[in-house]
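Each remark here refers to the structure printed beneath this line.
Computation of the quantities below employed the complete heavy-atom set of this structure, encompassing side-chain atoms and omitting hydrogens, waters and symmetry-equivalent molecules.
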Amino acid sequence: MLRLSLIVATYNRSASLIRALESVAEQNAPLSEWECIVVNNNSTDDTRERFEEFAAAHPDHNFRMVTEMRQGLSYARNRGIGESEAEYIAIIDDDERISPDFITSYISLFDTTPDAVAAGGPIVAEYPSGRPRWMSHFTERPVANTMYFGDKVCEFPAGRIPGGGNMAMRRSAVRRYGVFDTSLGYVGESLVGGEESDLFERLRIAEAKYYYVPQAVMYHIIPTEKLTAEYLSRLSFNVGVSQLRRAKYYRRVGRVRIQEVVKWLVTLVLAAWYFVTLQWSKAKYLLLMRWNITRGLWSK
């Protein structure tokens with residue numbers, strides 16, 4: 001019986017997609033209990049050919065690919081949800097790998113926790129080229145979205161939500177609360193996100209519960225091109241833009257901007273501490289991140 005549908009959206013990253021699928025193929029869950037749907041979002045590289053070769057090498061696995069012509073991560077994920085058949089749905093990205101217990105952990109959580117509407121697991125960053133010296137806990141968050149809340153199942157802490165590359169939900173939640181807002185989410189090379197935050201805000205407003213599942217581990221592979229000042233600036237600016245869009249929708253722009261002022265005060269204190277302790281690059285990149293988030297929040 002099909003229990004869980006795993007969705008992987010992909011765009012022009014055939015090599016990393018195959019690495020992700022290799023970890024999917026190593027799942028401990030019985031093959032009859034899950035399917036994996038790869039959503040090709042108009043890739044122009046050899047994604048389709050590489051996938052077909054991989055699927056042919058794993059004939060016993062339920063791998064299939066669909067194409068979503070509308071460009072954007074939210075469109076791709078929504079297409080995957082629409083194509084899926086199982087009662088539980090999990091979503092990962094094409095630049096990661098997952099632990100062998102990933103699927104069984106989510107199935108077990110939903111089977112044993114009736115009030116769990118959605119869930120997420122740990123996110124561990126991997127840096128093939130090495131973790132840069134400038135990266136602090138604060139600047140790592142937007143780049144890698146690292147996450148760890150212990151080794152026991154629990155509700156997510158206040159103010160935190162599952163990461164977009166490691167989340168799961170019941171199909172009934174999709175019917176009740178909807179899917180991803182297509183005005184948010186990465187489009188091609190655009191970095192305006194926020195679609196996960198928007199979805200979980202709807203759940204929070206409805207007082208729906210979402211749980212942290214420690215065994216559902218995702219390893220987020222961060223390439224060298226995402227470890228530059230230019231990338232952090234562009235990403236941070238778009239974090240601010242996505243926050244502004246959601247703030248406008250929920251009519252709380254003033255409150256969000258006041259919160260940003262408070263965050264600046266905290267940022268300045270942290271930056272001063274980094275300077276005093278001779279961690280100048282960490283101070284520089286922390287200020288760079290905050291400045292660009294602020295620019296996005298005050299953009300039109």
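Met147 is connected to Phe102 through a chain of hydrophobic side-chain contacts under 4.5 Å among Ile, Leu, Val, Met, Phe, Trp and Tyr, so both are in one cluster. Linking Ile, Leu, Val, Met, Phe, Trp and Tyr whenever their side-chain heavy atoms come within less than 4.5 Å leaves Met289 and Trp291 in two separate clusters. Grouping the Ile, Leu, Val, Met, Phe, Trp and Tyr side chains by contacts below 4.5 angstrom, directly or via other members, places Tyr249 apart from Leu244. Under the 4.5 Å side-chain heavy-atom criterion for ILVMFWY residues, a single connected hydrophobic cluster contains both Val24 and Met167. Hydrophobic clustering, with ILVMFWY side chains joined whenever heavy atoms are under 4.5 angstrom apart, keeps Leu73 apart from Ile221.
The closest side-chain donor-acceptor pair between Asp94 and Tyr11, if any, does not fall under 3.5 angstrom. In summary, the side chains of Ser99 and Asp101 do not present any donor paired with an acceptor at a separation below 3.5 Å, with no hydrogens or angles considered. Neither side chain, Asn40 nor Thr10, offers a donor N or O lying under 3.5 Å from an acceptor on the other. There is a side-chain donor-acceptor pair under 3.5 Å between Thr67 and Arg48. If you check the side chains of Ser236 and Arg290, you find no donor sitting under 3.5 Å from an acceptor. Inspection of the Ser108 and Ser105 side chains reveals no N or O donor paired with an N or O acceptor under 3.5 Å. With 3.5 Å as the limit, one finds no donor-acceptor pair spanning the side chains of His220 and Asn145. The closest side-chain donor-acceptor pair between Ser14 and Asp46 falls under 3.5 angstrom.
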Apply salt bridge (Lys or Arg N to Asp or Glu O under 4.0 Å) to residues Arg204 and Glu155 and explain how you reach the verdict. CA-CA 12 Å; Arg204 182 189 62 79; Glu155 288 189 55; over 6 Å; no
Check step by step if ring-ring contact (aromatic ring centres under 6.0 Å, His included) holds for Tyr211 and Phe156. CA-CA 5 Å; Tyr211 284 78; Phe156 260 77; 9.0 Å; no
How far apart are the C-alpha atoms of Met135 and Lys282, what are their side-chain angles, what is the distance that settles it, and do they pass the side chain to side chain contact (heavy atoms under 4.5 Å, CB included) test? CA-CA 6 Å; Met135 182 170 279; Lys282 288 185 178 180; over 6 Å; no
When you look at Phe54 and Phe63, which way does the ring-ring contact (aromatic ring centres under 6.0 Å, His included) test go after all the steps? CA-CA 9 Å; Phe54 181 84; Phe63 287 110; 5.4 Å; yes
Using the salt bridge (Lys or Arg N to Asp or Glu O under 4.0 Å) rule, take Arg19 and Glu22 through it: C-alpha gap first, then chi angles, then the decisive distance, then the call. CA-CA 5 Å; Arg19 286 195 297 268; Glu22 286 172 349; over 6 Å; no
Are Asp115 and Lys209 close enough, and set up right, to give a salt bridge (Lys or Arg N to Asp or Glu O under 4.0 Å), and what steps lead you there? CA-CA 7 Å; Asp115 65 348; Lys209 293 186 177 182; 3.3 Å; yes
Evaluate the criterion salt bridge (Lys or Arg N to Asp or Glu O under 4.0 Å) for residue pair Arg255 and Glu260; output intermediate values, then yes/no. CA-CA 9 Å; Arg255 178 161 54 117; Glu260 183 66 10; over 6 Å; no
Determine, step by step, whether Ile98 and Leu6 satisfy the side chain to side chain contact (heavy atoms under 4.5 Å, CB included) criterion, reporting the C-alpha distance in whole Å, the side-chain angles of both residues, the deciding distance to 0.1 Å, and the verdict. CA-CA 11 Å; Ile98 56 177; Leu6 182 66; 4.2 Å; yes
Using the rule given for side chain to side chain contact (heavy atoms under 4.5 Å, CB included), can you reason through Thr146 versus Val124, listing the C-alpha separation, both sets of side-chain angles and the distance that settles it, and then say yes or no? CA-CA 6 Å; Thr146 51; Val124 180; over 6 Å; no
Walk me through whether Glu33 and Ile107 qualify under side chain to side chain contact (heavy atoms under 4.5 Å, CB included). CA-CA 9 Å; Glu33 292 189 356; Ile107 291 175; 3.9 Å; yes
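Interatomic distance, Ile18 CD1 to Arg13 CZ, rounded to the nearest 0.5 Å: 13.5 Å. Note that the CG atom of Leu286 and the OG1 atom of Thr267 stand 5.0 Å from one another [nearest 0.5 Å]. In this structure, CG in Leu31 is found 11.5 Å from CG in Leu2, a value given to the nearest 0.5 Å. Atom CG of Asn41 is separated from atom CD of Glu68 by 6.5 Å, given to the nearest 0.5 angstrom. If you take CG on Asp95 and CD1 on Ile222, they are separated by 6.5 Å, rounding to the nearest 0.5 Å. Residue Glu26 holds its CD atom at 9.0 Å from NE2 of His61, rounded to the nearest 0.5 Å.
Ring orientation note: the planes of Tyr106 and Phe110 are close to parallel, at an angle under 30° on the 30°/60° scale. Taking the six-membered ring where tryptophan is involved, the planes of Trp134 and Tyr285 are essentially parallel, since the angle between them stays under 30° and well short of 60°.
More than 12 heavy atoms of other residues, nucleotides or ligands shown are found within 6.0 angstrom of CH2 on Trp264. Other residues, nucleotides and ligands contribute only 12 or fewer heavy atoms inside 6.0 Å of the CZ atom of Arg141. By the 6.0 Å contact criterion, CD on Glu53 is open, its count of non-hydrogen atoms from other residues, nucleotides or ligands being 12 or less. Within a 6.0 Å radius of CZ in Arg295, other residues, nucleotides and ligands contribute more than 12 heavy atoms. Residue Arg133 qualifies as open at atom CZ: its count of foreign heavy atoms under 6.0 Å is 12 or below. For Trp298, the CH2 atom counts as densely surrounded, since its 6.0 Å shell holds more than 12 non-hydrogen atoms of other residues, nucleotides or ligands.
Contact record, Tyr274 with Thr277: O-OG1, 3.2 Å, taken as the closest heavy-atom pair. The nearest pair of heavy atoms linking Val213 to Pro122 is O-CD, 3.2 Å. Contact record, Ile37 with Ser84: CD1-CA, 3.5 Å, taken as the closest heavy-atom pair. Ala144 and Ile123 make their closest contact through O-CG2, 3.7 Å (heavy atoms, listed as atom of the first residue, atom of the second, distance). Taking all atoms of both residues into account, the shortest heavy-atom contact from Met169 to Ile91 is CE-CD1, 4.3 Å. A pairwise comparison of heavy atoms in Val239 and Ser242 identifies O-OG, 2.9 Å as the closest pair.
In this structure Phe180 satisfies the ring-ring contact (aromatic ring centres under 6.0 Å, His included) test with no other residue, sequence neighbours excluded. Evaluation of the side chain to side chain contact (heavy atoms under 4.5 Å, CB included) rule for Thr228 yields Glu230, Tyr231 as partners, not counting sequence neighbours.
Taking the ring axis of Tyr219 as reference, the NZ or CZ atom of Arg97 stays within 45° of it and closer than 6.0 Å to the ring centre. Both the sub-6.0 Å distance and the 45° axial angle are not jointly satisfied by Arg3 relative to the ring of Trp34.
Considering only heavy atoms from C-beta on, Asp198 comes within 4.5 Å of Tyr250 through its side chain.
Formation of a donor-acceptor pair under 3.5 Å by the Arg131 side chain with backbone atoms of Ala125 is not found in this model. Using a distance-only test at 3.5 Å, with no hydrogens or angles considered, no donor-acceptor pair links the side chain of Thr47 to the main chain of Ser43.
Under the side chain to side chain contact (heavy atoms under 4.5 Å, CB included) rule, Ser5 has a single partner from Glu87, Glu35, Glu83, which is Glu35.
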